[in-house]
4 protein chains.
Amino acid sequence: MTEQDSLITQLFDNEDELTDKQKKIIIAAIDSFSEKGYAATSTSEIAKKAGVAEGTIFRHYKTKKDLLLGIVAPTMAKLLAPFVIKDLYKVLDTKYENFEDFLRAMIENRVVFAKKNLPLLKILIQEIPFHPELKDQFFEHIIKKVFDRYVKVTEHYQEKGQIIDIPPQQVIRLTLTTIMGYLIGRYILFPNADWNDEDEIEATIQFLMRGLGITD
Amino acid sequence: MTEQDSLITQLFDNEDELTDKQKKIIIAAIDSFSEKGYAATSTSEIAKKAGVAEGTIFRHYKTKKDLLLGIVAPTMAKLLAPFVIKDLYKVLDTKYENFEDFLRAMIENRVVFAKKNLPLLKILIQEIPFHPELKDQFFEHIIKKVFDRYVKVTEHYQEKGQIIDIPPQQVIRLTLTTIMGYLIGRYILFPNADWNDEDEIEATIQFLMRGLGITD
Amino acid sequence: MTEQDSLITQLFDNEDELTDKQKKIIIAAIDSFSEKGYAATSTSEIAKKAGVAEGTIFRHYKTKKDLLLGIVAPTMAKLLAPFVIKDLYKVLDTKYENFEDFLRAMIENRVVFAKKNLPLLKILIQEIPFHPELKDQFFEHIIKKVFDRYVKVTEHYQEKGQIIDIPPQQVIRLTLTTIMGYLIGRYILFPNADWNDEDEIEATIQFLMRGLGITD
Amino acid sequence: MTEQDSLITQLFDNEDELTDKQKKIIIAAIDSFSEKGYAATSTSEIAKKAGVAEGTIFRHYKTKKDLLLGIVAPTMAKLLAPFVIKDLYKVLDTKYENFEDFLRAMIENRVVFAKKNLPLLKILIQEIPFHPELKDQFFEHIIKKVFDRYVKVTEHYQEKGQIIDIPPQQVIRLTLTTIMGYLIGRYILFPNADWNDEDEIEATIQFLMRGLGITD
DNA sequence: CATGAATGAGATTTCATTCAT
DNA sequence: AATGAATGAAATCTCATTCAT
């Protein structure tokens, strides 16, 4: 089982039962969309790469856009996953007694996720500006939910005196920005530079802790 | 003279003399490219928006891609501009005795630039991943030059004991990331949210100062 | 079954199975190319004449030039056919004991061929000077092979004392030139003049025999 | 003065006074037309090669076709020249007492002409099939006149008992065909093969003499 | 005379989508 | 379900020609 396969399995398999061809179509589409962008990818190219007939794509997805959405929607769901924990506070109290632990856990978790789902994330990032539906979905289902949770988390640690007293949304913006900045630079802009991941992640955490944390 | 006009004037006029139609083509192309992306914009659409025959576009730009490059290249040049100062140290010594002043000046300068050249920056950001030539140009002409300058600036302030002692490239990555993060969130992702720019910028500077600066 | 149909059947059908539309495209292309030349024929014109959507042409031939090559290549093959006989000498010994018989047979055979494939030959002759690929193909696959065979044939009859003793390549040049000259004048330059084919062919054979043969 | 220049001078200069630019246009057009064909040559290409503005071409020639005609017409005139001699019989009686001398003189003269005007002849040969006006002109002004003259010449030598007794038009067809065949093979189809011109011409003359002449 | 920007008709080519098999 | 030929609208690009300067 290839890396790609596992990705597909993880993201797509559990929802519906996908035929073999359908999986191949999705894999091919992810590959092309992430590399050339949605608009610059032709369905015939996807068909060829997937080893299916052109018509087969349209048997499963009414339009090309449907195919994009069929890829992006589950990606968003997964992106959201770690933030959708029911008893968040309990988790925080028991697992991450202080902010730094939480930050570290979150960053590491998301870095792993990013590494595994790089093409999918690229598609997400690159296509959102051009498709209002995506933008809306992203805003409605991701941003809001993550934001709400994260506001609570921030307040939680602010109450504990571990985060400086600025509006939670600023904390969130600066945190996410810093993490996304690392991921984009690392995996999208300069994937070929030689990175010492451990060092960079540590530096990033230290930077965030100094910028946002209170240490006595 | 419209806002757009002044942008064009600034960015494109001084290099070559552009005909009236050529200016209109550039304005229309910027508009469409930034809104729908390069691949999803048709030349006929640009021609119509510019009030020009489609053939006219191809008289000035041999291909559609040439048009993109003709827009992006000068943008890169301008993006680079503030970092290309000859006597950098003198400027630093006299104008920005401490890091915070420099940071503040730079951020404000780039925020103004971003506000004015938003569509151009959108095009730049959105198209770089899809066009290796752009990526190369960007890397060669922008990143390297800015990086070199900025390494020196960082070392300058590190010697003065105003920046913590970590590798300059980490300082740079974290700084640029934080600033870009602000700009992208502010102007590209959520331009319609209600932002209190002054507060956010101040928060960003404070965050950077805490994260990177040494204050005694 | 029309005349055209049989031509296509003969030349194109046996290689691959062509769809009905593809045949129509080929017939239309041959018609237009031979009449107006490749460069002056538009694909839309071919599509219209073939009763096919323009896109259909490009489904079968990636470019307009491919269409030309798809027509010309099999023509070359057929042109070559009569010269590709395995046991050439046996044929000569049994069927054509003397040079005149051979000459007569060859001329008649090629005249029939020319009459039947006139448009294709026109295309071949007219386009070869403009397309290096064609020229190369023609040289490599036709000229060389025909030439080699023909040198042997010439030597065969020279040994029998039926052809004058000059270099074989001169014999060949003069023979082909004379035959081609007749065909081009007859069918391409002045197809509408009133020709007495039998007389002309007989005169041509007599001319060649006097010019090249030895009769005791 | 270049070779090209002399060609132009000879063919075009004496008729009208041509400006410097006009000459350049003609030279460029001859070059491109002969190499790529009329239909595949763009006026802008000619303008560029000639070093003039696109508009300049149309100042001198109303249409692209006019340019072609402006090149081809004088070529035809020159092609005809040697046959337009008033007192043909006197010339024949005094200069060329026998057919072989005449043949030799004519071939040599036309070979020289062909060598010097190769591109022009290529254009003539290649474009005639596609332009009815050219065909008509060629037929009316060249073929007929040459034919008429040549019928008389043939009859002249037939009366003298030097040419076999077949219809003059057959003599003409076979003669021209043989000469053209040599020229086309020599200069158009295989200009790069190594030719021994003297030998080939001599062989051609001998061939014609054997095929058509009477030697006692 | 000369220029070259501008045009718009048309050429080649691409592509999402349909449909008969 | 799958195929792939066919479509026609639209995309990119070319080009002969015009015209203001």
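Please read all numbers here as calculations on a predicted model, not as lab measurements. Letters A, B, ... are given to chains in the order of the sequence lines, protein chains preceding strands, and every chain is numbered from 1.
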Spacing between Lys23(A) atom NZ and dA1(F) atom C1', to the nearest angstrom
16 Å
Can you give one letter per nucleotide of nucleotides 16-21 of chain E, going 5' to 3': B for a protein heavy atom under 4.0 Å from the base, S for sugar-phosphate only, - for none?
BBB---
Might you confirm whether atom NZ of Lys65(D) has over 12 heavy atoms from other residues, nucleotides or ligands at distances under 6.0 Å?
yes
For Glu35(C) and Phe130(D), the nearest pair of non-hydrogen atoms, with its separation, is O-CD2, 3.7 Å
How many angstroms lie between CD1 in Ile46(A) and CZ in Phe33(A), if you round to the nearest 0.5 Å?
4.0 Å
Shortest non-hydrogen pair, Gly51(A) vs Lys21(A), comes out as O-NZ, 4.4 Å
Ile46(C) atom CD1 is separated from dA6(F) atom P, nearest whole Å, by 16 Å
Could you give the CD1-to-P distance, from Ile57(C) to dA5(F), as a whole number of Å?
16 Å
Nearest heavy-atom pair of Lys64(A) and Ala39(A): which atoms, and what distance?
NZ-O, 3.9 Å
Integer-rounded Å distance: dG4(E) P and Lys48(D) NZ:
12 Å
For a quick check of understanding: with a heavy-atom distance under 4.0 Å over all strands, which category does Thr56(D) fall into, base, sugar-phosphate or nothing?
base
Atom CZ of Phe33(B) to atom C1' of dT12(F): distance rounded to whole Å?
12 Å
Nearest 0.5 Å please: distance from the NE2 atom of His60(D) over to the CD1 atom of Ile26(D).
9.5 Å
Reckon His60(D) has a side-chain N or O less than 4.0 Å from the OP1 or OP2 of dC1(E)?
no
Any idea which of dG8(E), dT3(E), dA6(F) is nearest the Thr19(C) side chain?
dA6(F)
Rounded to whole Å, how long is the line connecting atom NZ of Lys49(D) with atom P of dC15(F)?
14 Å
For DNA chain E, what are the stems built from at least three Watson-Crick or G-U pairs in a row, each pair having both distances below 3.5 Å?
E:2-21 with F:2-21
Backbone N or O of Ala29(C) within a donor-acceptor pair of the Ser32(C) side chain at under 3.5 Å?
no
Please table the atom pairs, donor to acceptor, closer than 3.5 Å between any side-chain atom in residues 118-128 of chain D and protein atoms at least two apart or in another chain.
residue: Glu127(D); atom: OE1; partner: His131(D); partner atom: NE2; Å: 3.0
residue: Glu127(D); atom: OE2; partner: Tyr38(D); partner atom: N; Å: 2.9

Atom-pair distance (CD1 on Ile25(B); P on dC13(F)), nearest Å
14 Å
Rounded to whole Å, the OH-P distance (Tyr61(C) to dA11(E)) equals 21 Å
May I have the step-by-step check of side-chain hydrogen bond (donor to acceptor under 3.5 Å, both in side chains) for Thr43(B) and Glu54(B), ending in yes or no?
CA-CA 7 Å; Thr43(B) 50; Glu54(B) 207 165 349; 2.9 Å; yes
